[in-house]
Amino acid sequence: MADIILGIESSCDDTSAAVIRDGWLLSNVIAGQQVHKDYGGVVPELASRAHELNVVPVVSQALAKAGVKASELTAIAFTRGPGLLGSLLVGTSFAKGLSLSLDIPMVMVNHLQGHVLANFIRQEGAEDRRPSFPYLCLLVSGGNSQIVKVAGPLEYEILGQTIDDAVGEAFDKCSKILGTGYPGGPVIDRLAGLGDPERFKFARPRVPGLDYSFSGVKTSLLYFVRDGMARDPQFIEKNREDVCAGFQKTLIDILMDKLVKASAMTGIKEITIGGGVSANGGLRRRIEETGRRLGWNTYLPELKFTTDNAAMIAMAGYFRYLAGERTPLDVAPVSRLADY
Ligand code: KG4
């Protein structure tokens with residue numbers, strides 16, 4: 001009999017549900033939240049209220065699109081953390097209710113594990129290219145920047161991670177400083193494509209080992225723009241694209257430097273990326289160029305699987321389900337979940 005898994009993701013500001021059958025994606029529905037637009041960032045209380053409104057229609061749509069009845073589901077995978085607690089509570093509580101009413105098991109998933117396994121999502125009609133184990137994943141999002149060694153679907157080792165801010169925060173901060181809106185990543189990505197990446201340079205951190213730091217480069221940008229504006233009030237207007245290009249290049253250089261080191265240290269040439277920042281065009285091009293030069297096999301998730309989505313949660317949940325993992329009903333969501 002087929003294993004049909006419903007995935008539920010509600011860790012931040014996207015309510016998403018997906019259905020997979022024996023590892024093949026049947027549907028993936030995502031409801032974003034416009035309510036945060038005016039605030040320059042996600043407002044946790046508003047996010048959880050929007051999840052409450054969205055979760056039932058999103059799950060219903062995912063089942064309908066998949067052509068699957070709730071009674072046919074085998075298990076429910078849900079994001080336990082990390083994320084905003086109020087948001088996580090909505091998905092977790094919904095999963096519990098459904099699990100009880102259908103009398104099927106729940107499987108909790110670490111959101112980061114979903115990103116790390118995003119390349120395993122299989123879809124009818126799409127190329128099926130999956131990394132072989134062990135592989136390295138550069139996991140880059142609004143909350144994390146890590147290099148993870150993945151020895152098997154459930155075997156993870158964090159080789160390096162940020163000691164302060166995540167790289168996504170640096171993109172968002174850049175956009176805030178330049179007044180180009182939230183979330184910053186996609187805007188900076190687009191503007192960087194129009195500018196000269198060599199004209200402006202920014203400070204690079206010196207962090208030992210494979211760890212990252214992004215707070216210094218954020219401050220370097222802040223002072224650079226502040227000084228520029230003191231000299232010429234039109235500084236941002238005149239130089240926006242070049243600042244974005246130089247800043248994005250600096251962030252990519254920092255990320256790639258450690259990733260290249262991690263590959264050399266481990267001898268692993270199977271390389272993937274995941275998380276919201278893995279949508280960045282400059283980073284994707286650089287990984288492929290570097291990969292060609294160093295003989296890596298690179299795997300880039302489809303853009304729709306880079307940001308938060310339930311397909312990756314269903315996929316990770318499927319691996320956990322196959323490994324025999326079941327989550328008891330008294331589970332609580334956790335805003336900081338370090339262990340995969
Ligand atoms: O993984 P994600 O959707 O949410 C979590 O943090 O879990 O990542 C969101 C982050 C934001 O900081 C956003 O600015 C960044 O991903 N991002 C990008 C791009 N698209 C989204 N950063 C750079 N370039 C992009 N194209």
Side-chain angles (χ1 to χ4, degrees), residues 11-13 40-42 82-83 111-112 114-116 118 136-148 158-178 180-193 195 197 200-222 224-225 243-263 271-290 298 300-301 303 305-308 336 338:
S11 65
C12 190
D13 61 340
V42 176
H111 179 80
L112 305 183
H115 282 306
V116 168
L136 298 182
C137 179
L138 177 66
L139 175 55
V140 277
S141 71
N144 292 277
S145 305
Q146 299 181 335
I147 299 175
V148 187
I158 298 171
L159 302 181
Q161 59 187 326
T162 182
I163 57 170
D164 42 52
D165 301 327
V167 64
E169 289 177 74
F171 274 104
D172 293 336
K173 181 77 178 184
C174 176
S175 187
K176 198 164 188 179
I177 293 170
L178 299 179
T180 52
Y182 179 87
V187 188
I188 304 302
D189 192 1
R190 187 176 56 76
L191 293 173
F200 301 127
K201 309 272 180 223
F202 299 95
R204 285 160 201 244
R206 291 206 189 136
V207 184
L210 297 175
D211 284 339
Y212 287 119
S213 165
F214 292 100
S215 72
V217 65
K218 266 170 54 179
T219 311
S220 154
L221 173 74
L222 184 68
F224 174 78
V225 173
V243 173
C244 288
F247 189 66
Q248 176 167 298
K249 179 176 184 299
T250 306
L251 297 181
I252 295 173
D253 286 348
I254 296 170
L255 290 173
M256 291 307 294
D257 178 48
K258 297 288 170 92
L259 184 61
V260 168
K261 277 195 186 126
S263 169
I271 308 290
T272 73
I273 50 175
V277 179
S278 71
N280 186 268
L283 178 60
R284 293 171 82 92
R285 279 190 295 280
R286 183 79 81 79
I287 292 225
E288 289 195 316
E289 280 162 26
T290 310
T298 51
L300 311 182
L303 287 182
F305 300 135
T306 57
T307 44
D308 293 345
R336 290 179 177 273

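The figures here come from the full heavy-atom set of this structure, side chains too, leaving out hydrogens, waters and symmetry mates.
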Can you tell me how far [atom2] of [Y] sits from [atom1] of [X], rounded to the nearest 0.5 angstrom?
X: T298; Y: L138; atom1: OG1; atom2: CG; answer: 12.5 Å
X: D164; Y: S145; atom1: CG; atom2: OG; answer: 9.0 Å
X: L139; Y: T162; atom1: CG; atom2: OG1; answer: 12.0 Å

With sequence neighbours excluded, residues passing side chain to side chain donor-acceptor pair (under 3.5 Å) with [X]:
X: Q161; value: Q146
X: K249; value: D253
X: D211; value: none
X: T250; value: none

Practice task
Only one of I287, T272, L283 passes side chain to side chain contact (heavy atoms under 4.5 Å, CB included) with L300; say which it is.
Solution key: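 Of all the options given, the one that passes is I287.
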Practice task
Using the side chain to side chain contact (heavy atoms under 4.5 Å, CB included) rule, pick out the option among N144, D308, T307 that qualifies with H115.
Solution key: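 Exactly one pass, corresponding to D308.
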Closest approach of [X] to [Y] (non-hydrogen atoms, all atoms of both residues):
X: G274; Y: C137; answer: N-SG, 4.0 Å
X: A166; Y: S141; answer: CB-O, 3.6 Å
X: I188; Y: F171; answer: CG1-O, 3.7 Å
X: T306; Y: A279; answer: OG1-CB, 3.6 Å
X: C244; Y: L178; answer: SG-CD1, 3.5 Å
X: P205; Y: S213; answer: CG-O, 3.4 Å

Side chains of [X] and [Y]: does their closest heavy-atom pair fall under 4.5 Å?
X: R190; Y: T180; result: no
X: E169; Y: F214; result: no
X: V42; Y: Y182; result: yes
X: L159; Y: L136; result: yes
X: L221; Y: K173; result: no
X: V167; Y: I254; result: no
X: V207; Y: Y212; result: no

Within the side chain of [X], is there an N or O that forms a donor-acceptor pair under 3.5 Å with the backbone of [Y]?
X: D172; Y: G184; value: yes
X: T219; Y: S215; value: yes
X: R336; Y: P82; value: no
X: S220; Y: A203; value: yes
X: S263; Y: V260; value: no

Exercise for the section: Please say which of R286, Q248, R285 ends up in a side-chain hydrogen bond (donor to acceptor under 3.5 Å, both in side chains) with N280. Expected result: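 Of R286, Q248, R285, side-chain hydrogen bond (donor to acceptor under 3.5 Å, both in side chains) with N280 is met by Q248 alone.
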Exercise for the section: Step by step, work out the side-chain contact (heavy atoms from CB on, under 4.5 Å) result for F247 and V217. Expected result: CA-CA 8 Å; F247 189 66; V217 65; 3.7 Å; yes
Practice task
Please name all residues satisfying salt bridge (charged side-chain N to carboxylate O under 4.0 Å, His left out) with D165, sequence neighbours left out, ordered by chain then number.
Solution key: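 Partners of D165 under the salt bridge (charged side-chain N to carboxylate O under 4.0 Å, His left out) test: K218.
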Exercise for the section: For K176, enumerate each residue passing the side-chain contact (heavy atoms from CB on, under 4.5 Å) test, keeping only those at least two apart in sequence or located in another chain. Expected result: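 If we apply the side-chain contact (heavy atoms from CB on, under 4.5 Å) test to K176, skipping adjacent residues, there are no hits.
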